[in-house]
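The first residue in the sequence is number 1, and the count goes up from there. Just so you know, these numbers use all the heavy atoms, side chains as well, and skip hydrogens, waters and symmetry mates.
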Amino acid sequence: MSKAATLREKDVAGLQAEVKDLQKAHFGLRMQKATQQLANVASLRVTRRDIARAKTILAQKQAAAAAK
């Protein structure tokens, strides 16, 4: 199952928590990069895209809820 499919199964509160967790993880990776402790810098791009994916699905769910 894709990441988007698992995110679509969550409710709005779950998606907001997921975005917050991803942002914390991204911040930690940025700090590791700044202190030159991060070996895999590609993980920054992956987490940034995961955040965007979660925010997109969250916006879609909120728009659908507002339309009802």
Side-chain angles (χ1 to χ4, degrees):
M1 188 177 294
S2 68
K3 290 181 185 181
T6 57
L7 288 173
R8 289 188 196 282
E9 293 175 355
K10 295 185 178 189
D11 60 340
V12 173
L15 283 171
Q16 289 172 339
E18 182 75 20
V19 168
K20 186 172 283 247
D21 290 342
L22 286 169
Q23 286 175 334
K24 283 183 182 179
H26 187 68
F27 178 78
L29 290 172
R30 284 189 355 244
M31 291 302 108
Q32 286 181 8
K33 182 177 183 248
T35 58
Q36 298 180 352
Q37 296 174 346
L38 185 63
N40 184 11
V41 293
S43 59
L44 286 168
R45 180 177 48 174
V46 171
T47 56
R48 195 170 59 240
R49 288 183 180 181
D50 288 343
I51 291 168
R53 187 177 295 117
K55 281 186 173 183
T56 300
I57 294 171
L58 177 62
Q60 289 172 351
K61 285 193 179 251
Q62 288 174 336
K68 288 184 180 180

Side chain to side chain contact (heavy atoms under 4.5 Å, CB included) partner of Leu29, the single match among Val46, Leu38, Asn40: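 For Leu29, the side chain to side chain contact (heavy atoms under 4.5 Å, CB included) check succeeds only for Leu38.
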Over all atoms of both residues, closest heavy-atom pair of [X] and [Y]:
X     : Y     : value
Ala54 : Val19 : CB-CG2, 3.7 Å
Leu15 : Leu7  : CD2-O, 3.5 Å
Asp50 : Arg53 : OD1-NH1, 2.7 Å

Inter- and intrachain pairs under side chain to side chain donor-acceptor pair (under 3.5 Å), touching residues 20-33, at least two apart: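 Matches after skipping sequence neighbours: His26-Thr47.
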More than 12 heavy atoms from other groups under 6.0 Å of CD on Gln36: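 Result for CD/Gln36: open.
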Which residues share a side-chain hydrogen bond (donor to acceptor under 3.5 Å, both in side chains) with Lys10, sequence neighbours left out: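 Only Glu18 meet the side-chain hydrogen bond (donor to acceptor under 3.5 Å, both in side chains) criterion with Lys10.
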Rounded distance [0.5 Å steps], CZ in Arg8 versus NZ in Lys61: 8.0 Å
Transitive ILVMFWY side-chain link Phe27 to Leu22, under 4.5 Å: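 Shared cluster, no.
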